[in-house]
Amino acid sequence: MLVYISREKRPGYDNQKKAGAMNVMLRVSALLSNAPFVINFDCDHYINNSQALRAPMCFMLDPCDGQNTAFVQFPQRFDDVDPTDRYANHNRVFFDGTMLALNGLQGPTYLGTGTMFRRVALYGIEPPRYRVENTKLVRKTGEFGYSTSFINSVPDAAIQDRSITPVLVDEGLRKDLTTLMTCAYEDGSSWGRDAGWVYNIATEDVVTGFRIHRQGWRSMYCSMEPAAFRGTAPINLTERLYQVLRWSGGSLEVFFSHSNALIASRRLHLLQRIAYLNMSTYPIVTVFILSYNFFPVMWLFSEQLYIQRPFGTYMAYLVAIIAMVHLIGVFEVRWSGITLLDWFRNEQFYMIGATGVYPTAVLYMLLKLVTGKGIYFRLTSKQTEACSNDKFADLYTVRWVPLLIPTTAVIIVNVAAVGAAIGKAVTWGFFTDEARHVLLGMVFNMGILVLLYPFALGIMGKWGKRPIILFIVLVMAISVVGLLYVMLHAPYTGEWSQVAVSLGKASLTGSSGSG
Ligand SMILES: O=c1ccn([C@@H]2O[C@H](COP(=O)(O)OP(=O)(O)O[C@H]3O[C@H](CO)[C@@H](O)[C@H](O)[C@H]3O)[C@@H](O)[C@H]2O)c(=O)[nH]1
Ligand SMILES: [Mn+2]
């Protein structure tokens, strides 16, 4: 039986997007089959392996802990991504590394698609492990709304070896189904909070999975070849950034909601809790990353500012820690079976998100906290390849939006800093202390530019098909800044150095005086 549902829309009712749609389907299917297991995939995903429905059953029916397994999650795989995966659409570190690692705790988070659920876990019912003998599955009246047929179906949904016979859709059933689909059905019920998909959070998946884990259920990660499900990903820079904005904004919303991992019950594993905390606060790191990326502005004026140079021991510790972090990264990458190239692409896209998208997400959250109003998150728009000969046309389309500005500014500042550094070396001579110091800074600048390289290609649009153009522009920009620096400073070297020295002293005495 294939059932297509067209939902009622009524003024004054929020239709709650995907979460609302899923909850309607969950209720309607309860009267049609009431299957104890439910599989969910997005409209832009499809089943790619005929075993996709059978494999998760192995986990669900596992005699050891199957009963307490709420859902089985597959990684997301995509068809239409450009071969270089410029914007890390495959997200391999997240799907194959992070999710696999969580399997060792309470299980992967719910990722919105490619998921098999145990129906009663979606209803917000406790796992058998924590259920007291003869506990009533429907806890209070009105919890699931007031459809008697639906409420009567709940105990049956918990019996996993029940055989299912197709129902006869008669007038009575049709009326019941219509009731379950109306906007007003959920009024005063637990739907959208303690039952079904969770509402009012841009990432309904993470928060719904969280509620399930919080009750003490576990989940399982299931990866198979060929991939169980495949889908479509946005390969246009702007669309991809909007997607990441929805994810990072949604994460912060989770943190500032009653689904905060800090206040979850003790059934949530300690490390799983930390993972959820990380998952709901990560955009905040942008405060540090963005500051670091803009620090090179000081390079341009450094004679007039007193900058504490990092001393030897500090540098040694810093280098050791960075090396260790990357060493662990390499181990994790090898263990999860992804390539170093995939890992590097993820690093690159992390920097792109952290400079442009996360600050916007943080601002959005602040605004929401102050005004109480969220902004509308648009859908991830799909590719338009059908009307073009170029399969990856979307990759070369630039749609300028404010979201692109911060990262562009970071690129400009760091290119200028490299130019200024070369200018300085030329002005003072290559083997002076000054040149040595600016060289250190240049390593940092170049590092940032390497990470932001895919973004630079992206904003070049069609020109991005020939990366050599980008290198020519880069060399030209660096030369122009360097030349400008030399022209402005060379004739006055002596004088400027004097000014610098006195300014340096002034700021030194100034700060010690005020401190
Ligand atoms: O009003 C809406 C909007 C979306 N959807 C469904 O939600 C899915 C996800 O939306 P999409 O625009 O494809 O977003 P993506 O960024 O591709 O989705 C990822 O991120 C979402 C959370 O932000 C998850 O819900 C998805 O499962 C996950 O694949 C769509 O495919 C639809 O099936 C609806 O049913 N109604
Ligand atoms: Mn999608």
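No hydrogens, no waters, no symmetry mates; every other heavy atom, side chains included, goes into these values.
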*Asks:* Please identify which of these residues, Gln16, Arg193, Glu186, meets the side chain to side chain donor-acceptor pair (under 3.5 Å) condition with Tyr199.
*Replies:* Glu186

*Asks:* Between Asn236 (side chain) and Asp394 (backbone), is there a donor-acceptor pair under 3.5 Å?
*Replies:* yes

*Asks:* Does some side-chain heavy atom of Ile338 sit less than 4.5 Å from a side-chain heavy atom of His90?
*Replies:* no

*Asks:* Testing the basics here: between Met116 and Ile39, what is the closest heavy-atom pair and its distance to 0.1 Å?
*Replies:* CE-CD1, 3.9 Å

*Asks:* Counting C-beta onward and ignoring hydrogens, is there a side-chain heavy-atom pair between Leu111 and Phe95 closer than 4.5 Å?
*Replies:* yes

*Asks:* Stepwise, does the side-chain contact (heavy atoms from CB on, under 4.5 Å) test hold for Phe71 with His213?
*Replies:* CA-CA 10 Å; Phe71 61 91; His213 281 140; 3.9 Å; yes

*Asks:* Indicate whether the side chain of Asn40 and that of Tyr110 have a donor and an acceptor atom separated by less than 3.5 Å.
*Replies:* yes

*Asks:* Only one of Asn49, Asn48, Asp79 passes side chain to side chain donor-acceptor pair (under 3.5 Å) with Arg230; say which it is.
*Replies:* Asp79

*Asks:* Applying side-chain hydrogen bond (donor to acceptor under 3.5 Å, both in side chains) as the test, list every pair that has at least one member in residues 263-273; sequence neighbours left out.
*Replies:* Glu126-Arg267

*Asks:* What closest approach, in Å, do Leu241 and Leu404 show between heavy atoms, and which atom pair accounts for it?
*Replies:* CD1-CD2, 3.4 Å

*Asks:* Within this structure, what is the OG1-CG distance for the pair Thr407 and Leu451, rounded to the nearest 0.5 Å?
*Replies:* 12.0 Å

*Asks:* Short question: side chain of Arg92, backbone of Gly97 - any donor-acceptor pair under 3.5 Å?
*Replies:* no

*Asks:* Does this structure show an ion pair linking Lys18 with Asp205, if we count only N-O contacts that are shorter than 4.0 Å?
*Replies:* no

*Asks:* Provide the closest heavy-atom pair for Thr360 versus Gly356 in the form atom of the first, atom of the second, distance.
*Replies:* OG1-O, 2.9 Å

*Asks:* Atom CG of Asp62 and atom CE of Met57: how far apart are they, to the nearest 0.5 Å?
*Replies:* 11.5 Å

*Asks:* I'd like to know if the side chain of Glu253 pairs up with that of Tyr364 as donor and acceptor (distance under 3.5 Å, no hydrogens or angles considered).
*Replies:* yes

*Asks:* Could you check Trp197, Phe255, Tyr276, Trp217 and say which one makes a ring pair (Phe, Tyr, Trp, His ring centres under 6.0 Å) with Phe210?
*Replies:* Tyr276

*Asks:* First locate atom OG of Ser257, then atom CG of Leu252, and finally report the distance between them rounded to the nearest 0.5 Å.
*Replies:* 11.0 Å

*Asks:* For the residue pair Phe78 and His45, categorise the inter-ring angle as parallel (less than 30°), tilted (30 to 60°) or perpendicular (more than 60°).
*Replies:* perpendicular

*Asks:* In this structure, are over 12 heavy atoms from other groups packed under 6.0 Å from Lys465 atom NZ?
*Replies:* yes

*Asks:* When you compare the side chains of Arg240 and Gln243, does any donor N or O come within less than 3.5 Å of an acceptor on the partner?
*Replies:* yes

*Asks:* Taking atom OH of Tyr46 as the centre, does the number of heavy atoms from other residues, nucleotides or ligands within less than 6.0 Å exceed 12?
*Replies:* yes

*Asks:* Mind checking whether Ile201 and Ser259 have side chains closer than 4.5 Å, heavy atoms only?
*Replies:* no

*Asks:* Can you measure from CD1 (Ile411) to CD1 (Ile352) and round to the nearest 0.5 angstrom?
*Replies:* 8.0 Å

*Asks:* Any donor-acceptor pair under 3.5 Å linking the side chain of Asn346 with the backbone of Asp342?
*Replies:* yes

*Asks:* Taking the side chain as every heavy atom from C-beta outward, state whether Met60 and Val72 have any pair of such atoms under 4.5 Å apart.
*Replies:* yes

*Asks:* Are side-chain heavy atoms of Ile212 and Phe117 found at a separation under 4.5 Å?
*Replies:* yes

*Asks:* Taking Asp42 for its side chain and Asp44 for its backbone only, find out whether a donor-acceptor pair lies under 3.5 Å.
*Replies:* no

*Asks:* Shortest non-hydrogen contact from Gln160 to Leu61?
*Replies:* NE2-CD2, 3.5 Å

*Asks:* Please tell me if the side chains of Ser149 and Leu177 come closer than 4.5 Å, counting only heavy atoms from C-beta onward.
*Replies:* no

*Asks:* Begin with the C-alpha distance, continue with both residues' side-chain angles, and end with the deciding distance and a verdict on side-chain contact (heavy atoms from CB on, under 4.5 Å) for Leu102 and Tyr221.
*Replies:* CA-CA 8 Å; Leu102 283 178; Tyr221 180 77; over 6 Å; no

*Asks:* Would you check if the side chain of Arg118 reaches a backbone N or O of Gly66 as a donor-acceptor pair within less than 3.5 Å?
*Replies:* yes

*Asks:* Does the pair Asp14 and Asn200 meet the rule for a side-chain contact (heavy atoms from CB on, under 4.5 Å), with working shown?
*Replies:* CA-CA 9 Å; Asp14 187 343; Asn200 300 319; 4.3 Å; yes

*Asks:* Answer yes or no: is there a donor N or O on one side and an acceptor on the other, between the side chain of Gln215 and the main chain of Gly124, under 3.5 Å?
*Replies:* yes

*Asks:* If you apply the rule side-chain contact (heavy atoms from CB on, under 4.5 Å), what do you find for Asn293 with Ile289, and how did you get there?
*Replies:* CA-CA 6 Å; Asn293 286 355; Ile289 295 181; 3.9 Å; yes

*Asks:* Verify the neighbour count for atom CZ of Arg162: are there more than 12 heavy atoms of other residues, nucleotides or ligands below 6.0 Å?
*Replies:* yes

*Asks:* Using side-chain heavy atoms (C-beta onward) and a distance below 4.5 Å, is Arg86 in contact with Ile235?
*Replies:* no

*Asks:* What I want to check is whether the side chains of Tyr13 and Asp187 have a donor and an acceptor closer together than 3.5 Å.
*Replies:* yes

*Asks:* With rounding to the nearest 0.5 angstrom, report the CG to CD1 distance, Leu32 to Ile164.
*Replies:* 11.5 Å

*Asks:* Nearest 0.5 Å, what's the CZ-CG distance between Arg129 and Asp65?
*Replies:* 5.0 Å

*Asks:* Under 3.5 Å, side chain of Ser219 to main-chain N/O of Ala70, donor-acceptor pair present?
*Replies:* no

*Asks:* Are the charged groups of Arg27 and Asp176 less than 4.0 angstrom apart, N to O?
*Replies:* no

*Asks:* Ignoring hydrogens, what is the shortest heavy-atom contact between Val81 and Ala233? Give both atom names and the distance.
*Replies:* CG2-CB, 4.2 Å

*Asks:* Parallel under 30°, tilted from 30 to 60°, perpendicular over 60°: which one fits the rings of His326 and Trp343?
*Replies:* perpendicular

*Asks:* Please give me the minimum heavy-atom distance between Gly145 and Ser189, naming the atom from each residue.
*Replies:* N-CB, 3.7 Å

*Asks:* Please check this pair: side chain of Arg7 against backbone of Cys183, looking for a donor-acceptor N/O pair closer than 3.5 Å.
*Replies:* no

*Asks:* Taking atom types as modelled and ignoring hydrogens, do the side chains of Glu8 and Asn15 form a donor-acceptor contact shorter than 3.5 angstrom?
*Replies:* no

*Asks:* For a 4.5 angstrom cut-off between non-hydrogen side-chain atoms, does Phe150 reach Leu180?
*Replies:* yes

*Asks:* Whether the Tyr282 and Trp247 side chains hold a donor-acceptor pair (N or O, under 3.5 Å, no angle test) is what I'd like checked.
*Replies:* no

*Asks:* How about Arg119 and Tyr123: does a side-chain donor come under 3.5 Å of a side-chain acceptor?
*Replies:* yes

*Asks:* With under 30° as parallel and over 60° as perpendicular, where do the rings of Phe144 and Trp191 fit, or are they tilted in between?
*Replies:* tilted

